[in-house]
There are 2 protein chains.
Amino acid sequence: MNKKRSSVTEDILGHQFGAFYKIPIENFFQFALSVDCVILGYHENGLKLLVIERGTEPHKGKKALPGDLVYPTEDMELAADRVLKDLTGLEDVYLTQSKSYGQVDRHPIGRVVTVGYYSLISVDRYQPLASSWASNVVWVDVKGLPQLAFDHNEIVNQVLSTLRERVRLQPIGFELLPKKFTLGQLQELYEAILNTSFDKANFRKKILSMNLLQDTKEFQTKVSHRPAKLFSFDKDKYESLLEKGFSFEM
Amino acid sequence: MNKKRSSVTEDILGHQFGAFYKIPIENFFQFALSVDCVILGYHENGLKLLVIERGTEPHKGKKALPGDLVYPTEDMELAADRVLKDLTGLEDVYLTQSKSYGQVDRHPIGRVVTVGYYSLISVDRYQPLASSWASNVVWVDVKGLPQLAFDHNEIVNQVLSTLRERVRLQPIGFELLPKKFTLGQLQELYEAILNTSFDKANFRKKILSMNLLQDTKEFQTKVSHRPAKLFSFDKDKYESLLEKGFSFEM
DNA sequence: CATTGTTATAGTTAAATGAACTAAAAGTCT
DNA sequence: AGACTTTTAGTTCATTTAACTATAACAATG
């Protein structure tokens, strides 16, 4: 990387009026890049966020998003995958880029710009173990989130607000549920994310009329009442409906 | 900035398992950061993008987004404002952050991560002058966009797709029109962005029923037919309706 | 094994919204 | 004065939404 970098002061980026006209180009290569992962899960009563507990300064003891520096020769997306796996053990998570955060003083170590990534997963994909190196990884409730390290609260809030928008127009809610789920669970999930409540009968009708769910012939067990049918999300069907002009809406 | 940076190899970021455990921290501060501005305007038949023509390598002669490097001690948002002004003369534009782009090989000069910013403006706010330093700034039609420098096409497409989503749920279309506009213009705009067509009478009814427009008692002039009423967007009214639970939808 | 409790499921209604269309009125230009 | 184009008003029918009632299904309990 270094070898390729020219040290001339000429207009190598091609702008004619930029401010660094006479500033050595090296002076601009002083940034570090990091990634921070917002992993959201859903469990029983609400949305959960996966955080790690910091063992060192700065912000020692505080909870923080799993995140770390990116190598100068590493692509951001791969870095996000790597960091998430290293810090939490989670693998094969589909991460989506969120916003970037680059306040000059956001990190005491120097100018570190961080890129947020997020994903929605089913909690049963990840139970933090009490033992092992991942013992400092925990799910915390999104409601009443504690103060996180750095500007991580801001990052999370940004993700939550885009999530609330996306969830209304795309069937991403299903990613938060186990493969097989009841309509009741689905409704609770949507109510939790959108912070409203739906009429049960109408909700059911609406969802079913979309024809996105597959009736697994199975039922809930171990409940002290009539067990609900278990459904699964039919992604292929959604794709094909999309092409025919179908648009999901909640 | 440099003075503050520690050179120890210890775990200064607080991760326990990160890969740079024994790599000097300096090695991570090898990135440059740039900003690229996607300025969209609307004129007559369609959406327009503001681009500059590059006078130097790489990508000499190609059209490119107005963009440049960020100073190591400069906040990203301020950099975007500065760069846009330096390259195009545009000031006081409300820029919104889009995605970041950091492919390892995206820039021959070294590892340059760029952050996209975008804004919608009324074209009458900016007419590129044939003379002066801004002579290489032009509006190009978004339909059939030429090949732009670097990964700028990708950046533009990303902005366009988020624009199409946002425009349906937020009254941001008005930002693309002059302060005073006709309902016909508004309809054309929405048709251009969403690439559909609306029934004229119904469109009018829907918009007016939202009570977001203020009737300036003025009319079109110099048209060879009945002149249309000029309206303006009432932002205050929108804010107050929002609080009462109003939701804009197209 | 009947009873209890809880949830799933079906069905009904009135109101609101949306789409498609017709037609008249209002102004500018030649 | 007349032609032309666009704004504006109004109607109709189909569809969707919201709120609600009522019944059926089943597990657990004693």
Side-chain angles (χ1 to χ4, degrees), chain A residues 44-45 167-169 171 174 177-178 180-192 194-233 241 244-250, chain B residues 44-45 167-169 171 174 177-178 180-192 194-233 241 244-250:
Chain A
E44 291 173 359
N45 28 11
V167 86
R168 295 195 49 212
L169 299 175
F174 304 95
L177 294 174
K180 297 170 184 177
F181 52 87
T182 71
L183 291 180
Q185 289 175 307
L186 185 64
Q187 179 172 354
E188 278 173 37
L189 169 64
Y190 271 96
E191 290 179 338
L194 297 175
N195 200 36
T196 50
S197 71
F198 298 102
D199 176 278
K200 198 188 293 186
N202 291 337
F203 181 86
R204 159 183 304 275
K205 259 183 289 182
K206 183 166 187 174
I207 291 288
L208 289 180
S209 72
M210 290 182 185
N211 275 95
L212 291 175
L213 297 190
Q214 207 158 33
D215 185 344
T216 81
K217 299 284 177 186
E218 302 174 47
F219 291 85
Q220 261 183 328
T221 56
K222 291 170 194 160
V223 287
S224 72
H225 56 267
R226 172 175 176 184
K229 226 181 238 176
L230 290 173
F231 292 90
S232 68
F233 178 63
L241 282 176
K244 290 174 193 161
F246 168 80
S247 98
F248 184 87
E249 218 160 294
M250 283 308 299
Chain B
E44 291 172 2
N45 25 11
V167 86
R168 293 194 51 209
L169 298 174
F174 303 96
L177 294 174
K180 297 170 183 176
F181 52 87
T182 71
L183 291 180
Q185 289 175 305
L186 185 64
Q187 180 172 354
E188 278 173 36
L189 169 64
Y190 271 95
E191 290 180 339
L194 297 175
N195 200 35
T196 50
S197 71
F198 298 102
D199 176 278
K200 197 187 294 187
N202 291 336
F203 182 86
R204 158 182 304 275
K205 258 184 290 183
K206 183 167 187 175
I207 291 287
L208 288 180
S209 71
M210 290 182 185
N211 274 94
L212 291 174
L213 298 190
Q214 207 158 34
D215 184 345
T216 80
K217 299 286 177 181
E218 301 174 49
F219 292 86
Q220 261 184 328
T221 58
K222 289 170 196 157
V223 287
S224 71
H225 56 270
R226 173 175 176 183
K229 226 182 237 177
L230 292 172
F231 292 90
S232 67
F233 178 64
L241 282 176
K244 290 172 194 160
F246 168 80
S247 98
F248 184 88
E249 219 160 292
M250 281 308 299

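Here the structure is a predicted model, which means the values were calculated and not measured. All chains are named by letter (A, B, ...) in the order of the sequence lines, taking the proteins before the strands, and each is independently numbered beginning at 1.
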- Spacing of Q214(A) atom CD and S232(A) atom OG [to the nearest 0.5 Å]: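 Reported to 0.5 Å precision, the distance equals 4.5 Å.
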- CD of E191(B) to CG of L186(B): how many Å apart, nearest 0.5 Å? 10.0 Å
- Query: Taking all atoms of both residues into account, what is the closest heavy-atom pair of Q187(A) and F198(A), and its distance?
  - Reply: NE2-O, 2.9 Å
- Residues which pass ring pair (Phe, Tyr, Trp, His ring centres under 6.0 Å) with F231(A), listed by chain and number, not counting sequence neighbours: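 Scan of F231(A) (ring pair (Phe, Tyr, Trp, His ring centres under 6.0 Å), adjacent residues dropped) gives none.
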- Message: Among residues at least two apart in sequence or on other chains, which ones pass ring pair (Phe, Tyr, Trp, His ring centres under 6.0 Å) with Y190(B)?
- Response: none
Report yes if some heavy atom in the side chain of [X] is under 4.5 Å from a heavy atom in the side chain of [Y]; otherwise report no.
X       : Y       : result
L213(B) : F181(B) : yes
R168(B) : L194(B) : yes
T182(B) : K229(B) : no

- Taking only residues two or more places apart in sequence or in another chain, which ones pass side-chain hydrogen bond (donor to acceptor under 3.5 Å, both in side chains) with Q185(A)? none
- Task: State which residues pass side-chain hydrogen bond (donor to acceptor under 3.5 Å, both in side chains) with N211(B); sequence neighbours excluded, sorted by chain then number.
- Result: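 N211(B) satisfies side-chain hydrogen bond (donor to acceptor under 3.5 Å, both in side chains) with no residue once adjacent residues are dropped.
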- Task: Pull out every residue in residues 208-220 of chain A that has a heavy atom closer than 4.0 Å to any atom of DNA chain D, ordered by number, or say none.
- Result: none
- Message: Just to be sure I understand the geometry, which residues of residues 222-231 of chain B put a non-hydrogen atom under 4.0 Å away from DNA chain D?
- Response: H225(B), R226(B), A228(B), K229(B)
Could you list the donor-acceptor pairs under 3.5 angstrom formed by side chains in residues 199-209 of chain B, with sequence neighbours left out?
{"from": "D199(B)", "atom 1": "OD1", "to": "A201(B)", "atom 2": "N", "distance (Å)": "3.0"}
{"from": "D199(B)", "atom 1": "OD1", "to": "N202(B)", "atom 2": "N", "distance (Å)": "2.9"}
{"from": "S209(B)", "atom 1": "OG", "to": "K205(B)", "atom 2": "O", "distance (Å)": "3.3"}
{"from": "S209(B)", "atom 1": "OG", "to": "K206(B)", "atom 2": "O", "distance (Å)": "2.7"}

- Task: Hey, could you give me each pair passing salt bridge (charged side-chain N to carboxylate O under 4.0 Å, His left out) that has a residue in residues 217-228 of chain A? Not counting sequence neighbours.
- Result: K180(A)-E218(A)
- Task: Kindly assign one of parallel, tilted or perpendicular to the pair F248(A) and F174(A), based on the angle between their ring planes and the thresholds 30° and 60°.
- Result: perpendicular
- At what angle, to 10 degrees, do the two end axes of the helix from dC1(C)-dG30(D) to dT30(C)-dA1(D) meet, given five pairs define each axis? 10°
- Going 5' to 3' along nucleotides 12-23 of chain D, which nucleotides have protein heavy atoms under 4.0 Å from the base (write B), which only from the sugar-phosphate (write S), and which from neither (write -)? ------BBB---
- Could I get the full list of side-chain contact (heavy atoms from CB on, under 4.5 Å) partners for P227(A), not counting sequence neighbours? F219(A), Q220(A), V223(A)
- Message: With a strict under 4.0 Å distance from non-hydrogen atoms of chain B, what nucleotide opens and what nucleotide closes the contacted stretch of DNA chain C, reading 5' to 3'?
- Response: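 First-to-last contact on DNA chain C, by the 4.0 Å heavy-atom rule, is dA19(C) to dC29(C).
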